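Below is one structure; the comments refer to it alone.
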Amino acid sequence: MDTRPLTPVLRVLRVCLHLLVAALLAPAVLRAATPAAVAAAAATGAVYVVGSALRTVRESRPAAALWLGALTASWLVLLAVTPDGLWLAFPLYFLHLHLLPVRWSLPAVAATAAAAVLSYVRHGAPLSPGAFIGPPLGAAVAVATVLGYRALYRESERHRRLVEELTSTRAELAAAERHAGTLAERERLAREIHDTLAQGLSSIQLLLRAAERALPEGSPVAAGHIERARRTAQDNLAEARRFVRALAPADLEHGSLAAALERLCEAREPGAGPRVRFAVSGTPVALPTPYEVALLRIAQSALANTVRHAGAERAGITLTFMDASVALDVVDDGRGFDPRSRTPSPSGGFGLPAMRSRAESLGGTFTVESAPGQGTAVAVALPLPSGGVG
């Protein structure tokens with residue numbers, strides 16, 4: 001029994017069923033030859049009306065089965081006293097199919113059809129092919145109608161859920177794209193400020209120091225101007241670096257890149273993906289903000305691909321500091337793939353092309369080693385700035 005709210009179509013069908021029961025019960029009352037037939041017809045109608053009005057019958061399967069049993073029993077009594085009760089078999093087919101599970105409704109429909117045929121024979125009515133074909137044919141039509149409607153309803157519900165999922169997914173993708181665009185713009189601004197404004201102010205400060213050292217003695221006015229200019233450049237350089245830190249990813253605000261990667265590994269929920277291990281190799285050094293942002297984003301994207309596509313049980317992230325470079329490796333034991341068959345994402349998302357672009361924009365290298373059934377290894381190597389960290 002379906003306890004969901006009735007659709008307009010089902011409400012119309014329900015009213016039609018009420019009218020059909022009334023129309024088929026009327027001949028039994030009008031043509032009744034005995035008081036027993038009138039009483040049986042009235043009892044059947046009363047049971048039907050009471051059950052149709054009760055809310056528990058619509059919402060509780062046991063209550064519906066109890067009411068249907070009482071209605072069927074009163075109908076059998078009516079069938080025993082008058083052959084005109086046969087016509088009520090047709091609406092009973094629909095009630096059995098609607099209120100009972102399929103494994104019980106089909107035998108109930110067959111038994112109702114058999115009872116209608118036997119009643120016709122028992123009352124000594126003239127035998128005809130219609131007497132034997134009519135009730136079974138009505139039962140077949142009722143079964144086909146109800147089961148066909150259920151199949152169409154299930155298909156409609158599947159399409160409705162699919163549309164809802166697509167709508168929800170589209171909204172999530174739009175939000176993700178806006179968020180990704182915001183982060184990309186913040187990171188671009190951070191790189192621009194670091195590579196232009198911050199480096200320029202740092203150079204100005206160095207030049208002013210050189211000018212201060214080269215200034216002849218006995219030039220207090222010029223020395224004072226140079227000192228104020230140097231301090232102003234120093235203050236503005238500190239402000240520019242604060243801007244860079246503010247525009248950096250939130251994961252890097254309260255610690256180093258290694259700490260952010262460790263939190264990334266620990267943030268995996270149990271059962272939501274592979275077990276992720278993090279390790280640091282070599283002596284950690286401070287990295288420019290663009291380097292930290294790029295390595296963190298590549299690790300996030302690679303790990304997200306592992307969770308979504310690899311079906312892996314274990315994964316590992318290793319951050320390696322070397323004399324002239326820093327390397328990031330993300331390895332999993334998942335199903336793997338053929339890297340040569342992968343095409344760039346048409347949406348420009350954070351896939352392999354985006355990771356490669358991040359690495360190459362900083363002069364680094366990006367490699368993917370994988371094969372079907374042999375896991376995947378993503379490796380990034382970035383050269384350390386020769387002039388130190390700005």
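The shown structure was predicted, so the numbers you read here are calculated from the model rather than taken from an experiment.
Side-chain contact check for L92 versus V109: every heavy-atom pair is 4.5 Å or farther apart. In this structure, the side chains of L95 and Y48 come closer than 4.5 Å at one or more pairs of heavy atoms. The closest side-chain heavy-atom distance from L328 to T318 is not below 4.5 Å. Inter-residue side-chain proximity for E262 and V280 is flagged as unmet; no heavy-atom pair is nearer than 4.5 Å. In this structure, the side chains of R158 and R161 come closer than 4.5 Å at one or more pairs of heavy atoms. Looking only at side-chain heavy atoms (C-beta outward), R150 and V102 come within less than 4.5 Å of each other.
Under the 4.5 Å side-chain heavy-atom criterion for ILVMFWY residues, no single connected hydrophobic cluster contains both V49 and V77. Cluster membership check: V331 does not share its hydrophobic cluster with M355, using side-chain heavy-atom separations under 4.5 Å among Ile, Leu, Val, Met, Phe, Trp and Tyr.
With hydrogens and angles disregarded, a donor-acceptor distance shorter than 3.5 Å links the side chain of W67 to the backbone of V47. Looking only at distances, a side-chain donor or acceptor of T145 sits under 3.5 Å from a matching main-chain atom of V141. Side chain of D329 to backbone of A377: no donor-acceptor contact under 3.5 angstrom is found. Of the possible polar contacts, none joining the S156 side chain to the L152 backbone as a donor-acceptor pair under 3.5 Å is found. A side-chain donor-acceptor contact under 3.5 Å links T112 to the backbone of A108.
Scored by the salt bridge (charged side-chain N to carboxylate O under 4.0 Å, His left out) test, R154 finds no partners at all (sequence neighbours excluded). Applying the side chain to side chain contact (heavy atoms under 4.5 Å, CB included) rule to L66 yields no partners; only residues at least two apart in sequence or on another chain are considered. Applying the ring-ring contact (aromatic ring centres under 6.0 Å, His included) test to Y291 and every residue at least two apart in sequence or in another chain returns nothing.
Cluster partners of L166, using a side-chain heavy-atom cutoff of under 4.5 Å among ILVMFWY residues and allowing indirect links, are L162.
A salt bridge links R160 with E164; the closest basic N to acidic carboxylate O contact falls under 4.0 Å.
Nearest heavy atoms, L362 versus A294: CD1-CB, 3.6 Å. Of all the heavy atoms in A359 and L382, the pair that sits closest is O-CD2, 3.7 Å. Annotation for G363 and P383: closest pair O-CD, 3.5 Å, computed over non-hydrogen atoms. Nearest heavy atom pair, residue R358 against residue V293, reads NH1-CG1, 4.5 Å. Residues A299 and V330 approach most closely at CA-CG2, 4.4 Å, considering heavy atoms. The two residues A139 and Y93 come nearest to each other via the heavy atoms N-CE1, 3.3 Å.
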Using residues 319-326 as the side-chain source, report each donor-acceptor pair under 3.5 Å to any protein atom, sequence neighbours left out, with the distance given to one decimal.
none

Return a table of donor-acceptor pairs under 3.5 angstrom between the side chains of residues 366-375 and protein atoms on other chains or two or more places apart.
| residue | atom | partner | partner atom | Å |
| --- | --- | --- | --- | --- |
| S370 | OG | F337 | N | 3.0 |
| S370 | OG | F337 | O | 3.2 |
| S370 | OG | G375 | O | 2.9 |
| S370 | OG | T376 | OG1 | 3.0 |

### Query
Step by step, would you call V146 with F94 a side-chain contact (heavy atoms from CB on, under 4.5 Å)?
CA-CA 7 Å; V146 172; F94 287 100; 3.6 Å; yes
### Task
Evaluate the criterion side-chain contact (heavy atoms from CB on, under 4.5 Å) for residue pair V276 and T306; output intermediate values, then yes/no.
CA-CA 10 Å; V276 185; T306 297; over 6 Å; no
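The CG atom of L261 sits 11.0 Å away from atom CD1 of I298, with the distance rounded to the nearest 0.5 Å. Taking CG from L208 and CZ from R231, the interatomic distance works out to 12.5 Å, rounded to the nearest 0.5 Å. Note: L147 CG to S105 OG = 7.0 Å, rounded to the nearest 0.5 Å. Considering CG of L303 and CD1 of I317, their distance stands at 5.0 Å, rounded to 0.5 Å. Note that CG of D332 is 11.0 Å distant from CD of E313, once rounded to the nearest 0.5 Å. Taking CD of E165 as the start and OG of S168 as the end, the distance is 8.0 Å to the nearest 0.5 Å.
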